[in-house]
Trainee: 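Take this structure first; my questions come after.
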Protein chains: 2
Amino acid sequence: MPEDFNIEALDDVIHGRLRLGIMAYLSTAGSADFTTLKAKTQSSDGNLSVQVRKLEEAGYVTVEKTFAGKKPLTTITLSESGRKAFVAYLEAMRKLIDDST
Amino acid sequence: MPEDFNIEALDDVIHGRLRLGIMAYLSTAGSADFTTLKAKTQSSDGNLSVQVRKLEEAGYVTVEKTFAGKKPLTTITLSESGRKAFVAYLEAMRKLIDDST
DNA sequence: ATAAAGAACTTTACAAAATAAAGTACTTCA
DNA sequence: TGAAGTACTTTATTTTGTAAAGTTCTTTAT
C-alpha cells in the first residue's frame with residue numbers, strides 16, 4: 001500500500017507531459033538546440049517555446065541565443081538545480097512504482 | 001539518451017496528479033470507499049468526485065453506490081482494464097527513469 | 001420536535017495549463 | 001525577386017484541474 005506516497009512530492013513543473021520529455025532528454029544529453037528538442041519530443045514550435053520558457057522561469061534550464069552562420073540558434077541547457085529537481089522527481093516516481101508493484 | 005522515449009506512452013488519464021494517486025492506491029488496495037480515498041490522497045471532495053468520474057469514464061474503475069447503515073457509501077474499484085493501463089503507465093515511466101539515470 | 005452541525009457527495013464556476021493558430025524576421029532556393 | 005522554408009514568439013482557443021457552492025440526508029443537542 002503506498003501509504004507514504006505523497007502526491008506533493010511530484011514537482012508540477014516537471015510533471016507536465018512535454019516538460020517531462022524535455023527534462024528526460026536533457027538529463028542525458030545535457031543540452032540541445034531548439035530544433036533537436038522539437039524533433040526528440042515530437043512537439044510543435046509553439047508548445048516547445050512555451051514549455052521551455054516555463055522551465056527557464058523555474059531555473060531548471062538556461063537558454064542561450066546565438067547564431068549558426070546566419071540562422072538563429074537557441075540552445076537549452078539543463079541547470080544544476082534542474083538536475084537536482086529531476087532527480088527528486090524520479091525518486092518520488094520510483095517510490096510510487098515500487099510501492100505499486 | 002532516451003532515444004526511444006515516446007511521450008505518448010504516458011496515458012494522460014493516469015498521468016493527472018490526483019488520478020495517479022488514486023490509481024496508485026487502488027493498485028494495491030483493489031478498492032476503497034470515497035472517504036478513505038479522500039484521506040489517502042489528501043484531496044477535496046469536489047476534486048476527488050471529478051477525477052473518479054474521469055477514471056470511471058475511461059473504464060479504469062467501477063463505482064458502486066450503496067448504503068452503510070443510513071449513510072451513502074461509494075465504493076471505487078480498480079477494473080481489469082484499469083490495472084492493465086496502470087501497469088503500462090508504470091512500464092513507460094520505469095523506462096524513462098532507467099534511461100535517465 | 002426542531003434547529004444546528006456534520007457527512008457524503010455532486011454540480012458549477014474559476015484558474016491554470018496545454019495545444020493550436022497566427023505572426024515575425026529573417027534566409028535560401030528557383 | 002518572389003515563393004518557400006527556418007527558427008522561433010505571441011496570442012487565442014481548448015482542455016484540464018482545482019476550488020467554491022450546493023444538495024440531500026443524518027446525527028446531535030436543546
Side-chain angles (χ1 to χ4, degrees), chain A residues 6-26 31-58 60-77 85 89, chain B residues 5-26 31-77 85 89:
Chain A
N6 185 6
I7 207 165
E8 281 151 51
L10 288 181
D11 187 331
D12 255 344
V13 177
I14 295 176
H15 192 61
R17 227 174 200 279
L18 178 50
R19 291 192 302 270
L20 182 57
I22 295 169
M23 292 297 280
Y25 184 75
L26 291 181
S31 72
D33 59 78
F34 190 91
T35 305
T36 302
L37 215 44
K38 187 189 156 197
K40 293 294 181 185
T41 58
Q42 288 151 81
S43 59
S44 66
D45 293 10
N47 196 14
L48 184 58
S49 183
V50 169
Q51 304 311 325
V52 164
R53 168 98 30 109
K54 278 181 188 170
L55 289 172
E56 188 188 13
E57 279 163 4
Y60 292 173
V61 302
T62 56
V63 177
E64 193 189 7
K65 276 151 199 309
T66 55
F67 280 86
K70 302 295 180 64
K71 292 180 185 175
L73 177 73
T74 298
T75 305
I76 298 114
T77 305
Y89 177 87
Chain B
F5 171 60
N6 184 5
I7 206 166
E8 281 151 51
L10 287 181
D11 188 331
D12 255 343
V13 176
I14 295 176
H15 193 61
R17 229 173 200 280
L18 178 51
R19 291 193 301 270
L20 181 57
I22 295 169
M23 293 296 280
Y25 184 75
L26 291 180
S31 71
D33 59 79
F34 190 91
T35 306
T36 302
L37 215 44
K38 186 189 157 198
K40 292 293 181 186
T41 59
Q42 289 152 79
S43 60
S44 67
D45 293 11
N47 196 11
L48 184 58
S49 182
V50 169
Q51 305 309 326
V52 164
R53 168 97 30 108
K54 278 182 188 168
L55 289 172
E56 187 187 14
E57 278 163 5
Y60 292 172
V61 301
T62 57
V63 178
E64 193 190 8
K65 276 152 200 308
T66 56
F67 280 87
K70 302 294 181 62
K71 292 182 185 173
L73 178 73
T74 298
T75 305
I76 298 114
T77 305
Y89 177 87

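Note that these values count all heavy atoms, side chains included, but never hydrogens, waters or copies made by symmetry. Throughout, protein chains are lettered first and strands after them, A, B, ... in sequence-line order, and every chain is numbered starting at 1.
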Trainee: Looking across every strand, which nucleic acid part, if any, lies under 4.0 Å from B:Lys65 by heavy atom: base, sugar-phosphate, or nothing?
Mentor: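 Sugar-phosphate only.
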Trainee: Across the strands shown, which category fits A:Lys54 at heavy-atom distances under 4.0 angstrom: base, sugar-phosphate, nothing?
Mentor: sugar-phosphate
Trainee: Using a 4.0 Å heavy-atom cut-off across all strands, classify B:Ser44 as base, sugar-phosphate, or nothing.
Mentor: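 No contact.
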Trainee: Could you label the plane-to-plane angle of the B:His15 and A:His15 rings as parallel, tilted or perpendicular, counting under 30° as parallel and over 60° as perpendicular?
Mentor: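 Rings of B:His15 and A:His15: parallel, under 30°.
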Trainee: When we call it a touch if two heavy atoms are under 4.0 Å apart, what does B:Ser43 touch: a base, just sugar-phosphate, or nothing?
Mentor: nothing
Trainee: Base, sugar-phosphate alone, or nothing: which one does A:Thr35 contact when heavy atoms must sit under 4.0 Å apart?
Mentor: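 Here A:Thr35 touches the backbone only, sparing every base.
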Trainee: Taking only the side-chain heavy atoms of A:Arg19 (C-beta and beyond), determine which of C:dT19, C:dA17, C:dT11 contains the nearest atom.
Mentor: C:dA17
Trainee: To the side chain of B:Lys70, which of D:dT18, D:dT26, C:dC9 is closest?
Mentor: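 Nearest nucleotide to the side chain: D:dT26.
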Trainee: What nucleotide among D:dG17, C:dA7, D:dC8 has an atom nearest to a side-chain atom of B:Asn47?
Mentor: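 Taking heavy atoms from C-beta onward, the closest nucleotide is D:dG17.
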Trainee: Ignoring the backbone of B:Pro72, work out which of D:dC8, C:dT19, C:dA8 is nearest its side chain.
Mentor: C:dA8
Trainee: Donor-acceptor pair, B:Arg19 side chain versus B:Val13 backbone, under 3.5 Å?
Mentor: yes
Trainee: In whole angstrom, what separates B:Asp45's CG from C:dG6's P?
Mentor: 15 Å
Trainee: Would you mind classifying the nucleic acid contact of B:Leu48 as base, sugar-phosphate or nothing, using non-hydrogen atoms under 4.0 angstrom?
Mentor: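 Answer is nothing: B:Leu48 stays at 4.0 Å or more from every strand.
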Trainee: Just to confirm, is there a sub-4.0 Å distance from OP1 or OP2 of D:dT9 to any side-chain nitrogen or oxygen of A:Ser49?
Mentor: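 Checking D:dT9 against A:Ser49, a side-chain N or O does come within under 4.0 Å of OP1 or OP2.
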Trainee: Whole angstrom is fine here: how far is it from CG in B:Leu18 over to P in C:dA17?
Mentor: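 Taking CG of B:Leu18 and P of C:dA17, I get 16 Å after rounding.
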Trainee: Kindly say if A:Arg53 contacts the phosphate of D:dT10, meaning a side-chain N or O under 4.0 Å from OP1 or OP2.
Mentor: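 It does, given that an N or O in the side chain of A:Arg53 lies less than 4.0 Å from OP1 or OP2 of D:dT10.
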Trainee: Of the listed nucleotides (C:dA7, C:dT10, D:dT18), which one gets closest to any side-chain atom of B:Val50?
Mentor: D:dT18
Trainee: Take the protein atom NZ of B:Lys38 and the nucleotide atom P of D:dT18, then report the distance between them rounded to whole Å.
Mentor: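 B:Lys38 atom NZ is separated from D:dT18 atom P by 16 Å.
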Trainee: Counting the atoms with a prime plus P, OP1 and OP2 as sugar-phosphate, which does A:Gly16 contact under 4.0 Å by heavy atoms, base, sugar-phosphate, or nothing?
Mentor: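 Since only primed, P, OP1 and OP2 atoms lie under 4.0 Å of A:Gly16, the category is sugar-phosphate.
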